[in-house]
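Here is the structure we will look at.
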Amino acid sequence: MAAMDLRPLNLGELLDRTFTVYRNHFWMFVGIMALPEGILVAFGIWYSTMLRPFAMFPGSSNPAQAAAQIQRMFGTLFLSAGLLFVAFYIAYTIGLGATTFAVSDVYLGRASTIGSAYQKVKGRIAGLLGLSLLMIFVFFLSYIVLIVIAVILGAVSALITPVLAVLGALIGVTAGVAFVVWLFLGFTVVAPTYLLERSGIVRAMARSTELLRGNRGRAFVVLLLMFVIKIAVGYALQMPFLIATFIAIGKNQMPPFWLTGLSGIVGGVAGALTSPLLMISLALFYYDVRVRKEAFDLQVMVAGLDAQPGAFPPGAAPPPAPIG
């Protein structure tokens with residue numbers, strides 16, 4: 001396999017290359033995401049079966065029995081939702097890692113398969129999950145701090161006039177949301193950095209922020225477009241099932257099990273089709289910012305000329321041996 005042309009890409013070229021990589025290796029990327037999506041579909045169907053008995057509760061005239069039913073219902077719902085979230089979190093994290101390795105191999109000219117992609121991510125799963133948890137904690141902590149700042153601004157402004165209190169709180173919330181988005185965009189390539197450079201978790205977060213300096217606007221456009229595509233395709237495929245579900249609910253009827261199950265399967269298919277686009281774009285964006293900031297294309301070229309073990313920069317791969 002020939003490595004793709006390593007050079008700085010404008011936004012249109014980056015998106016075009018994302019779709020090109022996806023189209024040329026369609027079945028590999030869909031196959032990689034089929035495993036996590038299949039797990040999610042199974043958990044989703046199980047979750048819907050847990051909800052059905054409570055949806056048909058006749059209730060009880062005895063207050064103690066009614067309270068026990070409600071307590072049991074919420075306990076089951078929270079436990080089921082928690083397990084579904086954990087399954088979603090683990091499955092998508094592993095899918096992200098496998099897709100990242102597959103994109104790297106394709107981009108740098110190495111053969112890649114579904115099995116080889118999962119094999120490469122196997123040793124980094126625990127660290128990748130830890131990285132995701134740390135990022136969630138950072139965002140949550142930032143959110144709490146910003147809420148406190150907004151409350152303080154509102155309280156201080158209220159000492160002057162109620163109008164300023166509302167204005168101060170609004171400014172605080174707006175600034176807080178903008179900061180969280182800015183912080184999130186700084187971590188756009190944290191997963192490729194952690195996986196392809198085999199760095200530590202904290203180092204990967206710092207490195208991603210460093211690489212994204214001056215590139216957050218482009219990252220925002222890429223992420224927004226991929227999320228829009230994912231949501232649009234998902235709703236387009238599931239819309240008939242959603243309409244049928246709403247019709248059943250409007251008639252005070254429980255949607256049949258086959259309908260909810262088929263809706264979940266179609267949702268899984270939509271996820272397997274669209275999720276690779278987001279992950280491919282993140283991996284390609286990682287290489288693009290490295291080309292722009294670190295002349296990564298020249299590093300790969302020089303390392304290829306040297307052809308010495310260890311000469312290749314992090315995230316790169318030796319060129320394939322010539323045939324014959």
Side-chain angles (χ1 to χ4, degrees), residues 9 11 14-15 18 33 36 40 85-86 88-100 103-104 121 124-125 127-151 153 169-197 199-234 271 274-290 292-293 315:
L9 304 173
L11 188 58
L14 180 64
L15 295 174
T18 296
M33 289 308 302
L40 294 181
F85 173 79
V86 170
F88 174 87
Y89 167 68
I90 294 177
Y92 260 80
T93 301
I94 296 174
L96 169 63
T99 304
T100 299
V103 174
S104 177
V121 78
R124 305 288 282 176
I125 291 176
L128 195 57
L129 292 173
L131 174 62
S132 301
L133 284 176
L134 181 57
M135 289 179 59
I136 292 174
F137 175 76
V138 169
F139 289 129
F140 177 76
L141 184 62
S142 301
Y143 174 77
I144 295 298
V145 170
L146 293 169
I147 289 296
V148 171
I149 293 176
V151 171
L153 285 176
L170 182 61
I171 292 174
V173 170
T174 303
V177 171
F179 175 77
V180 171
V181 172
W182 178 86
L183 184 65
F184 171 78
L185 292 174
F187 294 140
T188 299
V189 297
V190 67
T193 299
Y194 173 75
L195 293 170
L196 300 178
E197 298 185 15
S199 61
I201 291 176
V202 176
R203 172 57 183 161
M205 296 176 70
R207 175 120 166 93
S208 177
T209 303
E210 174 188 340
L211 289 173
L212 264 293
R213 188 176 294 115
N215 289 282
R216 281 181 168 87
R218 298 170 67 238
F220 176 79
V221 174
V222 171
L223 291 175
L224 178 62
L225 179 59
M226 297 305 160
F227 277 122
V228 168
I229 292 175
K230 181 176 178 61
I231 293 173
V233 172
T274 57
S275 295
L277 282 172
L278 174 62
M279 299 171 186
I280 292 170
S281 66
L282 293 180
L284 295 186
F285 197 84
Y286 161 78
Y287 280 119
D288 184 64
V289 293
R290 287 199 62 186
R292 290 172 177 273
K293 288 181 170 286

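Along the sequence shown, residues carry numbers from 1. None of the values given here were measured: they were computed from a predicted structure.
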As a test of understanding, state which of Thr188, Val222, Asp288, Leu15 forms a side-chain contact (heavy atoms from CB on, under 4.5 Å) with Ser281. Val222
Identify the heavy atoms of Leu129 and Ile90 that sit nearest to each other, and give their distance. CD2-CA, 4.1 Å
Are any non-hydrogen side-chain atoms of Thr18 and Met279 less than 4.5 angstrom apart? no
Got Tyr286 and Leu282 here, is their nearest side-chain heavy-atom distance under 4.5 Å? no
Does some side-chain heavy atom of Met205 sit less than 4.5 Å from a side-chain heavy atom of Leu131? yes
Looking at Pro36 and Ala91, what are the two nearest heavy atoms and their distance? CB-O, 3.3 Å
Please state whether the rings of Phe184 and Phe139 are parallel, tilted or perpendicular, taking 30° and 60° as the class boundaries. tilted
Determine whether Thr100 and Leu196 make a side-chain contact, defined as any pair of heavy atoms from C-beta on separated by less than 4.5 Å. yes
As a test of understanding, state which of Arg124, Arg203, Arg207 forms a salt bridge (Lys or Arg N to Asp or Glu O under 4.0 Å) with Glu197. Arg207
pair Lys293-Glu210: side-chain heavy atoms closer than 4.5 Å: no
Between Arg290 and Val189, is any pair of side-chain heavy atoms under 4.5 Å apart? no
Between Ser104 and Tyr287, do the side chains contain an N or O donor and an N or O acceptor separated by less than 3.5 Å? yes
Apply side-chain contact (heavy atoms from CB on, under 4.5 Å) to Thr274 and Met33, showing your working. CA-CA 9 Å; Thr274 57; Met33 289 308 302; over 6 Å; no
